[in-house]
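Encoded as C-alpha cells, the structure appears first; notes follow it.
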2 protein chains.
Amino acid sequence: MARAAGVSIATVSNVLNRRNVPLAEETIRKVEDAVQLLGYRRNEMAASLSRKKTYELGLVLPHFNGYFADFAHAMQDVVHQFGYHLSVYSSTGKPELEKRHMETLLRRRVDGLFCHGLAMNPETTRKFVGEGTPMVLFNAYNWPENVALGAVNLDFAGGAEKAVLHLAERGCRQLFYISRVRARTTNQQRLVGFQRGVEGCGIPHRIIPTQGMYEDEIFESIEDVVKQGEPLGILAFDDGDAFMLISRLQARGYDIPGQIKVVGINNQSVAQHNWPSITSLDIDLDNQVSHAVCMLLQHLEEGAALRNISLERFETVKPTGSPAHEIHIPMRLIPRMSTE
Amino acid sequence: MARAAGVSIATVSNVLNRRNVPLAEETIRKVEDAVQLLGYRRNEMAASLSRKKTYELGLVLPHFNGYFADFAHAMQDVVHQFGYHLSVYSSTGKPELEKRHMETLLRRRVDGLFCHGLAMNPETTRKFVGEGTPMVLFNAYNWPENVALGAVNLDFAGGAEKAVLHLAERGCRQLFYISRVRARTTNQQRLVGFQRGVEGCGIPHRIIPTQGMYEDEIFESIEDVVKQGEPLGILAFDDGDAFMLISRLQARGYDIPGQIKVVGINNQSVAQHNWPSITSLDIDLDNQVSHAVCMLLQHLEEGAALRNISLERFETVKPTGSPAHEIHIPMRLIPRMSTE
DNA sequence: CTGAAAGCGCTAACAC
DNA sequence: GTGTTAGCGCTTTCAG
C-alpha cells in the first residue's frame, strides 16, 4: 500500500487520518489514488489495538421492540454526532444474553458502555465490568455510586402520579394499576407513584399483578367495578399493555372511555394511532439520550472541547432521597381519547 | 499474565482456547487462577487481528421496529448457536447510515454480512463490499449473481395473491391495495401479487399510493365504494398500516369487517391483539433465518461439519423466472376477525 | 507438554 | 515534510 503510493508507511497513515501534520499535496493525491486502486479499507482492529481506543460505544438493551427501537435510534444519532460508532445489542429479556453481549463488548474494548435496565445486580455488575470501561446506566434506581459514572432514570413515579390525578379529575371513582411483575424495578417505580397518587386523593384502588394481560381475573375485577356503575380508571404498565387491554375490553363490549378510562405509558406509536387513541406519558428521548451521552463523553474526552450540546434546555426532576449521580427525566402526560 | 501464572505466553494462549493440545492439569489450574486474580479479559481485537478471523457477523437492517425487532432476535439466536456473534445495525431508513454501518462492519473485518432490504443498488453494493466479505441478502429480488452469496426473499407476491383470493371468497366486490411508495422493491412484489390475484378473479380494484396513510383521498375512495353498498376488501402494506387504517375507519364509523374487510402483512403482534384482530400473512422467521445463516456458514466453514440444521423441514417456493441463487419463503394467511 | 519468536495491520514518537 | 522503528496483545509455527 505504501509501496504502491511510492511513499512511506507513516505518510500513508498520516494522510489517512491526522491531517494536522503538514503534507505535500502531491503526496496526498498519490496516497488517495493508491487507496482507490488497491480498494484499500483500513483495518479497524489493528488501528484500535495500536491507538488503544476504538471510538466505539456499546448499548445493551432488554429488547429491540416498541420504545427501545426509538431509543436505540436516538442514541445512535447523538453518538454519531460525536464521532463515535454505536453497537446495539438486545438481550431478549434473557440475563445470560445480557452478560454475553457485555462480555463481547468489553473484549472488543469499547470506549464506553450504556446499559438499559440491567438484569444483573449492582455488585455483580461492578465486578463484571471492572474499572477499565466507563458506563452509564438507564433506569437503574438507587444503585451505589461506585458501579457506573451515573444513571439516567425516567421519572415513572412522578408520571404514574400524574396519571392518577388525571384519571381522578376525569371522574374515576375507582383506580386500577395493572402491574407487570416481570419488569421489576421499572414496575416498582410506577407502583410508588400510583400509591402516592391514590393516597393523595383518597380514591379506592387495586393493584392487579399480571404476566401478560391474559388473566381472566383482571376482567372479573373490572366487571365488579363497572357493574356498580362507577367510572373506572386504569393505568397500564405501558402503551402496549394499554392497547391490548382496550382491545379485549372492546371485545367484551365495554365502552372506552365511557365506562372505563385507560392511560398507558411511553407514548408509543400504538397509543397515538389506536382508536380510541390512548392517553399516555411521554418520554423526552432527546433529554434522556443527551444527558447520558454527555456523561460518558465528558469522562472520555476529559477537558476536551465537548461541543456543547447544551443540556440547559432540558428539564430534570429531583425526587427526594435520590442519589446525586442519578438524574431523573420527567414524563409528560398527553391526554387523548381514552380518558376523555 | 504469563508471568503471573509462571508459564509461557503461548501456554496461556493454549489453555485459553484450544484444548486439543495436551496440557498438564497443574498448568491449566495455574493459568485459570491467574485469570481470576488479574481480572484478565482477552483482547478480541488483538486475537482477531492475529488469527485473521473475528467470529463476528454483521446484520444491517432498515429499522429496529415491528417485524425487524423479531427478525433481529431470531437471527441473533441462530448465529449464536454456531458460535458467532451478531452485530445488528439499523439505518433508520437513511441510505447514508446504511453505508456508514456497512463500512464500519467491513473495517472491523466481520466474517460475513447480512443485509435486509438494501437501499444501495446491486452495482454499488458489489463495488462497496468487494470480494473479501461473504454476504447474504434479504428481500433482494432479481439481483445479479455476482454481488452476494445468495438472497432469501419473502414471497410477498404469492402472499398478496392469497390475500386477494381470501378477500374475494369472503364476498368483497371491490379490492384496494394501499401501496406504500417509499418501500420500493418490497411494495413492488406485493403489487405483482395483487395484480395477478385481481386479474385472476376479475374483481374491480384500485391501487392507492400513499406515504403514511394520512391522505384524505384514501377515505374518499373508500366512501365512494362503501356508499354503493358493496363490501370492500383492502390489502394494506403491512399490519402497522392495516392497524392505522382500521382505527381511522372506526373513527369514521365504518363497520369492520361488516362494510370493509382488511388484511395486513407480516403477522405483527398488533394484528393479533387489535380489535377486531387483523387477518395477516405470516412470515416463517425460522425458515428465513435458517436458510440465510446456512448459506453464509457453508461458505465460511467450507466442508467443515456444519451441524446440520436440517433445512429439509422448511418449505420454499420457486416463482417462475427467479434466479437460482435466490430462495423464496412462502407466506401463510392467518384468517382473523377483520375479514370474517 | 512448554517456550521462543515471528508476525497480524496499524499508530506514534522521533529522527532525518 | 517524510521515513524508521518500536510496540499494541494476541496466535501460531517450530524447536526444545
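Quick note on labels: first sequence line is chain A, next is B, and so on, each numbered from 1.
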Protein-nucleotide distance (B:Asn14, atom CG; C:dG3, atom P), rounded to Å:
10 Å
Answer yes or no: does a side-chain N or O of B:Ser13 lie under 4.0 Å from OP1 or OP2 of D:dC10?
no
Examine the side chains of A:His73 and A:Asp77 and answer whether a donor and an acceptor come within less than 3.5 Å of each other.
no
After noting the C-alpha distance and the side-chain angles of B:Arg42 and B:Tyr40, does the key distance pass the side-chain contact (heavy atoms from CB on, under 4.5 Å) rule?
CA-CA 7 Å; B:Arg42 172 219 243 96; B:Tyr40 172 81; 3.7 Å; yes
Is any side-chain N or O of A:Thr11 closer than 4.0 Å to OP1 or OP2 of D:dG3?
yes
Any donor-acceptor pair under 3.5 Å joining the side chain of A:Ser50 to the base of D:dG7?
yes
Rounding to a whole Å, what distance do you find between B:Leu49:CG and C:dC8:C1'?
4 Å
Side-chain N or O of A:Tyr40 less than 4.0 angstrom from OP1 or OP2 on C:dC10?
yes
Within the 6.0 Å centroid threshold, strictly below: A:His101 and B:His80
yes
In whole Å, what is the span from the CZ atom of A:Arg107 to the P atom of D:dT11?
10 Å
Both distances under 3.5 Å, Watson-Crick or G-U wobble: on that basis, could you give the dot-bracket string for DNA chain D, with [ ] for crossing pairs and | for other-strand partners?
||||||||||||||||
Just to be sure I understand the rule, does A:Thr27 reach a base, reach only the sugar-phosphate, or reach nothing, if contact means heavy atoms closer than 4.0 Å?
sugar-phosphate
Counting side-chain heavy atoms from C-beta on, which of D:dT11, C:dC10, D:dG3 comes nearest to A:Ala10?
D:dG3
Within the pair A:Ser8 and D:dT2, is there a side-chain N or O less than 4.0 Å away from OP1 or OP2?
no
DNA chain C: A:Asn43 or B:Ala24, which has the more 5' nearest nucleotide?
B:Ala24
Okay, side chain of B:Tyr141, backbone of B:Leu154: is any donor-acceptor separation there less than 3.5 Å?
yes
Earlier contact from the 5' end, DNA chain C, for B:Val7 and A:Ser48
B:Val7
Whether B:Glu26 and B:Arg29 form a salt bridge (side-chain N of Lys/Arg under 4.0 Å from carboxylate O of Asp/Glu) is what I want to check.
yes
If only side-chain N and O atoms of A:Arg42 are considered, is one of them under 4.0 Å from the OP1 or OP2 phosphate oxygen of C:dT11?
yes
Using whole Å, report how far NZ of A:Lys52 lies from P of C:dG9.
20 Å
For B:Arg108, does its backbone N or O pair with a side-chain atom of B:Glu56 as donor and acceptor, under 3.5 Å?
no
Using a strict threshold of under 4.0 Å (side-chain N to carboxylate O), is an ion pair present between A:Arg51 and A:Glu44?
yes
Ranking D:dG9, D:dT5, C:dA4 by distance to the side chain of A:Ile9, first place goes to D:dT5
